[in-house]
Amino acid sequence: MGKYIIKSLLQVIPVLLIVSIIVFVLVRVTGDPVALMLPETATAEDRAVLAEALGLNQPLYVQYLKFLGSALQGDFGKSFRYGESALPLVLERLPASFELAAAAMLFAVLMAVPLGVASAVKRNTFVDLLISGISVIGKAMPNFWMGIMLILLFSVIWGVLPVSGRGGLSHLILPAFTLGVGLAAQMTRLIRSSMLDILNQDYIRTARSKGIREIWVIGKHAFRNGMIPVVTIMSLQFTSLIGGTLITETVFAWPGLGQLLVVAVNTHDMAIVQAAVFVIAFIVVITNILTDVAYRLLDPRIKYD
Amino acid sequence: MQRKKWIGIWMTLLAAMVLVTACGGGNTGAGANTSADEKIEYEATKSQTLTFGVGTDIESFDPHNNNNTASEAVIVNVFDYLLKNDSEQNKVPGLATSWEQVNETTWQFKLREGVTFHNGDPFTAEDVKFTIERVAKDGALKQNSYFKNIVEVNIVDEHTVDIVTSEPDPLLLNRLSKMGAGILPSKYIQDKGVEAFLKEPVGTGPYKFSKWIKDDRVELVKNENYYEGQPKWDQVVFRVIPEASTRVSELLAGGIDVASGIPSTDIDRIQNADSKKIVKAPTQRVLQLILRHTEGIVTSDPKVREAIDLAIDKQGIVDSIAGGAGVVTRTSVTPGNFGADPSLYKQSLYDQERAKELLKEAGYADAGPELTISVSSQYKEQSEVVAAMLEQVGFKVNLDVLEPSAFSERYSSKSFKEIFMIGIGNSLFDASNNYNRYLFEEAKDETDYDNPEVEQLLQSALVNMDPASRELEYQQVQQIFAEDRPAVYLYQMEGVFGVDQRVNFQPRSDELFYAEEITPAAQ
């Protein structure tokens, strides 16, 4: 087991290296940060002075090797925009994004579990049809549009929730709902099919034939097993929530990683883009390893090598 | 057994998430679970708090290493300049009470006495020397290009300084009243370093730094020791709301008092709302087409350039795309800038029939010439209308819409084809800022504009210390340009703001937010 963990950790290194090269090259071939930093009226000489001061006049591979050298020591360079070290700027945004992603996940679970179970139990009835219909709509609705509509209804017209920004619990409700709806819809459908599968199993039929009340059959015997695939989906979705909060964070002016990244791309703030993508890649890779390890711990049939 | 483990993990995960969410709610819980008492308290403090909703965050509190209006709009409330521009762009005393020219390259400034920084340090000539020499000498600072012609600052006495430039500089006062000239506390920065200063910035302005949560808000509180008396607001807040429709909603919901950058599609919504209003003001930005004059390129023919100008209905673009928020112009030096020529302002030419004739005269009888227009995606709609109008008179237009950063890259590498479209601002309020690009050296490879008469006028104006004849030189250039058309001007852009009726807000043409100029409306 220990050997397996070490092996997968070693595999992380080439992955992150490749990610760093791709990002490094991409941000450098897509635009010139110096031009964005200076006014339209700046002269060619002004641009040359600034480019030299920032080390951007050197060949690409020299810039990359320098970047790699300091990145290994945790230094991802200075943000052009803020003039501060990039990595701390990225890390200080993580709590806001985690908070939003966790709330969205919580909301998705709270919605999907009862709806999915109800849908399976009342299979092919009006209830099932209604829930399936809603989840199709939920999955299909663009976050951007839904966020703006929710703001209109709950904040502008009814005035019960704040429009934007990060503050208390009330600030969390609308963005978490917006971000969580798609996931809730997906999970509802998953729980439905997983529950249906189990409800057809022999041991459920046995339980029913013994005269156990239906609520116990579903609640005690079927429900527990029906949740197993949901856990898998949750761990996979959490990482995509962290990376995928860009639009929601922008709509709700939520000061998280997504918003930082959007601004950094627009202003061509290379150090921030590199550090943010690197951190996201790191989170995804580590989560995947942890999920894998959890599987192996739980299912002895899976070999460690 | 295995199943139980799964359920255990699931429950733990769920519990962890509840915890994380709850913690998130707890740490900054001011707005949450507002009880009745808190609500009353909030309403009371709201009346002494001025809240802006802006689209972009400041870059930093370093006035020297910043180059966007959004930053200057905020930090002018914390730092003072030696002299200020009033809302009509006249120079009025700031930290300097008077100034005079000693010789061709030296200006002397008398400094205000009895001023202290927010940390209690007195403001002296030492601070002026430190500040101005820092921005003038460090090429890595984004404001350096505006100040690099300053050679040194000499301290005459504790409240008098001489500022020396390398050559006569008619723009020195303009430079000293813009962002890079925000006066910094020399002792504080020398003792603690720039990094520490940027975390706890201090200036001499009417408002003191309180907190900055990046991409969320900047909060300022009033400086009770301000040299011009008690500031009007207890607290000034700048909230960052990048999405325009969210900004509008926040205004309608009462969360902010002033919302900037209102899209033309939302103007009616705000005007129809109770206690909200729309205010507009011209900015320094003029949207324009810059044409290449290089030998062999179609736009080097004056008739083609004239045809382009005549083919475009500028007022039509203002009305249809900008929601009326624009003023047509035949010059980019708009009123309020030194050297403006009012006879070319609020004027535009539009005559498609004549444009067609001109193309025929230029030798394009059957098929019109082909043009590539490059534009940054922020002006996509305007460029589409321009392209359609040009096609109506016979041009074939390739529209090249680029991402802003890709546009900047092409812009600085000077690799556009016949035309590029751009909105150019003017932070120095001086015609030189608009015209330096047409100096022979600068124009090389960009427009290849080469007019000896213009060159002579521009070179002379750069060092002419006599305002009256300098103004004439720029006005002559504008008259030449109106005929010669190195650029075709579309319109001066206007800033559109949504405002709560509880405040009196009149936008400035420099797009800055001086909280002290904004007053609560009479109750």
Side-chain angles (χ1 to χ4, degrees), chain A residues 30-32 34-44 46-47 49-50 53-54 81-83 89 95 98-99 102-103 105-106 109 148 151-152 155-156 159 162-172 224-225 227-228 230-231 234 250-253 255 259-260 262-263 266 268 294 298-299, chain B residues 2-3 5-7 9-10 13-14 17-18 20-21 24-25 28-33 56-57 59-60 62 65 67 139-140 142 144-145 198 213-217 239-243 245-246 249-250 252-253 255 403-406 408-409 411-413 422 424-427 433-434 436-437 442:
Chain A
T30 49
D32 177 12
V34 170
L36 283 172
M37 266 185 270
L38 291 172
E40 301 94 341
T41 46
T43 63
D46 298 333
R47 282 191 284 266
V49 169
L50 188 59
L54 298 172
R81 197 171 129 76
Y82 293 119
L89 282 171
F98 265 120
E99 179 184 315
M105 179 70 85
L106 178 67
V109 171
I148 288 173
I151 288 175
L152 262 186
S155 311
V156 179
V163 177
S164 65
R166 184 180 179 217
L169 265 181
S170 58
H171 284 87
L172 197 53
R224 283 186 176 182
N225 292 313
M227 286 307 109
I228 292 174
V230 176
V231 180
M234 276 173 60
T250 307
V251 171
F252 289 96
Q259 218 199 114
L260 179 73
V262 169
V263 176
N266 281 336
H268 235 82
L298 290 165
D299 195 336
Chain B
Q2 210 190 86
R3 254 176 254 149
K5 264 191 189 166
W6 272 114
I7 301 298
I9 289 182
W10 189 66
L13 212 62
L14 201 66
M17 279 192 298
V18 174
V20 169
T21 317
T28 42
N33 313 323
T56 38
D57 198 4
E59 294 187 347
S60 76
D62 188 341
N65 198 22
N67 183 46
K142 293 177 199 165
N144 173 261
S145 66
L198 291 179
I213 303 171
K214 293 195 184 75
D215 277 339
D216 185 43
R217 64 183 60 220
R239 288 195 47 199
V240 184
I241 306 171
E243 176 51 41
S245 62
T246 309
S249 293
E250 194 70 89
L252 294 177
E403 276 305 301
S405 61
S408 294
E409 162 98 41
Y411 179 83
S412 57
S413 64
I422 188 172
I424 296 186
N426 191 343
S427 65
N433 223 24
N434 305 70
N436 285 347
R437 67 170 347 105
E442 287 299 317

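Below, read A as the first sequence line, B as the second, and so on, with proteins coming before strands; counting in each chain starts at 1. Since this is a predicted model, take the numbers as computed values, not measurements. Side-chain atoms are counted along with the backbone in the values below, which use heavy atoms only and exclude waters and symmetry mates.
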### Task
Could you have a look at B:Glu403, B:Lys214, B:Glu243, B:Arg239 and say which one has the most heavy-atom pairs with chain A under 4.5 angstrom?
B:Lys214

### Query
Is the side chain of B:Thr246 donor-acceptor paired with the backbone N or O of A:Val251 at a distance under 3.5 Å, no angle test?
yes

### Message
List the residues meeting side chain to side chain contact (heavy atoms under 4.5 Å, CB included) with A:Val49, not counting sequence neighbours, and say none if there are none.
### Response
none

#### Entry: Separation between CG of B:Asp57 and CD of A:Gln259, rounded to the nearest 0.5 Å
8.5 Å

### Message
Minimum heavy-atom separation for B:Asp216 and A:Ala253, please, with both atom names.
### Response
OD1-O, 4.2 Å

### Summary
One option among B:Ala140, B:Ser60, B:Pro242, B:Ser245 has the most heavy-atom pairs under 4.5 Å with chain A, and it is B:Pro242

### Task
Check each atom of B:Glu442 against the heavy atoms of chain A and say whether the ones under 4.5 Å are side chain, backbone, both or neither.
side chain

### Query
Okay, side chain of B:Arg217, backbone of A:Gly165: is any donor-acceptor separation there less than 3.5 Å?
no

### Query
What are the two closest non-hydrogen atoms of B:Ala253 and A:Val163, and how far apart are they?
CB-CG2, 3.6 Å

### Summary
When rounded to the nearest 0.5 Å, the distance separating CD1 of A:Ile151 from OG of B:Ser249 is 5.5 Å

#### Entry: A:Ser164 to B:Ile241 - nearest heavy-atom pair and separation
OG-CD1, 3.9 Å

